[in-house]
Amino acid sequence: MNIVLRTGEQIDLPSETATIQFGMLCAEQLRGHWFLALHGDLGAGKTTFVRGLAAGLGCVDSVSSPTFAIIQTYTGTQSLVHCDWYRLEHESELDSIGWDEFVDQNPFIALEWADRFPSRLPATAKHLQFEIIDDRRVVTFGRGW
Ligand code: ADP
Ligand code: MG
């Protein structure tokens, strides 16, 4: 995969494998700490992308949808935090888990359904939009890249 990680770019993801490889590429190419804010409907490929991120960071735990847990951490060479706000009903739940401190303390975070509480995303968040357009699956780089 020869792609530029830049705001406004759009990449075709013709297979599940392509989505995983794109996640691996992001994990390998991004420097320093990162927070990835993932957008897209149910089934668009967000969790699949996180599987690639985890593989790219050398995580050994298997990735599942954290819908019920809200936060899952996969460990290995480096740790990946996988969050999902799909079932989070009230912003106050973020305060009870100490969300802001949590974000500061974890270097690699990917969040599904990031649009639910946009004011709680770090200013440095890198946004990715996953979509199915007709029968094509694509990912578009939003703000932060
Ligand atoms: P989300 O987390 O956005 O709800 P998932 O990552 O769980 O979506 O993906 C939903 C389904 O789509 C899964 O069965 C997954 O294997 C499949 N899938 C993901 N990316 C692709 C792709 N690029 N091409 C084909 N199928 C894909
Ligand atoms: Mg998901």
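Counting begins at 1 with the first residue of the sequence. Whatever order the structure lists ligands and atoms in, that order sets their numbers, starting from 1.
- By the criterion of side-chain heavy atoms lying less than 4.5 angstrom apart, applied directly or through intervening Ile, Leu, Val, Met, Phe, Trp or Tyr residues, F141 is grouped together with F108 in one hydrophobic cluster.
- Between the Mg ion (ligand 2) and T47 there is an N/O/S contact shorter than 2.8 Å.
- Side-chain atoms of T19 never come within 3.5 Å of backbone atoms of T48 as a donor-acceptor pair (strictly under, hydrogens ignored).
- At the shortest separation from atom 4 (O) of ligand 1 among protein heavy atoms lies G43 N, 2.7 Å.
- Between the side chains of E9 and T140, no donor-acceptor pair is found at a separation under 3.5 Å.
- Near E112, with a cut-off below 4.0 Å to any heavy atom, the atoms of ligand 1 are 2 (O).
- A donor-acceptor pair is defined here as one N or O able to donate and one able to accept, closer than 3.5 Å; no such pair exists between the side chain of R51 and the backbone of V63.
- Panel note: side chain W99, backbone R120; a donor-acceptor pair is recorded below 3.5 Å.
- At least one N or O atom of A44, backbone or side chain, sits closer than 3.5 Å to an N or O atom of ligand 1.
- For atom 17 (C) of ligand 1, the closest non-hydrogen atom on the protein side is R137 NH2, 4.0 Å.
- Linking Ile, Leu, Val, Met, Phe, Trp and Tyr residues whenever their side-chain heavy atoms come within less than 4.5 Å leaves L57 and M24 in two separate clusters.
- For the pair H82/T47, a side-chain contact is recorded, criterion being any heavy-atom separation below 4.5 Å from C-beta on.
- Each of the atoms 22 (C), 23 (N), 24 (N) of ligand 1 lies under 4.0 Å from some heavy atom of L13.
- Closest to atom 7 (O) of ligand 1, if we only count protein heavy atoms, is T47 CB, 3.8 Å.
- Applying the side-chain hydrogen bond (donor to acceptor under 3.5 Å, both in side chains) rule to pairs touching residues 54-63 yields D61-T75, sequence neighbours excluded.
- Within the listing of ligand 1, atoms 4 (O) sit less than 4.0 angstrom from a heavy atom of L42.
- In this structure, S15 has a heavy atom closer than 4.0 Å to ligand 1.
- At a threshold of 2.8 Å, the Mg ion (ligand 2) has a backbone or side-chain N, O or S atom of E112 nearer than that distance.
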Verdict with supporting geometry, H39 and F130, side chain to side chain contact (heavy atoms under 4.5 Å, CB included): CA-CA 6 Å; H39 307 267; F130 291 84; over 6 Å; no
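- For atom 8 (O) of ligand 1, the nearest protein heavy atom (residue, atom name, distance) is G45 N, 3.1 Å.
- Checked by atom type and distance alone, the side chain of K46 never pairs as donor or acceptor with a backbone atom of L111 at under 3.5 Å.
- Within the set T17, T19, I132, the minimum heavy-atom distance to atom 20 (N) of ligand 1 is found for T19.
- At least one protein heavy atom sits closer than 4.0 Å to atom 24 (N) of ligand 1.
- Taking every non-hydrogen atom of D41 and a distance limit under 4.0 Å, the qualifying atoms of ligand 1 come out as 3 (O).
- Of all protein heavy atoms, the one lying nearest to atom 15 (C) of ligand 1 is T48 OG1, 3.6 Å.
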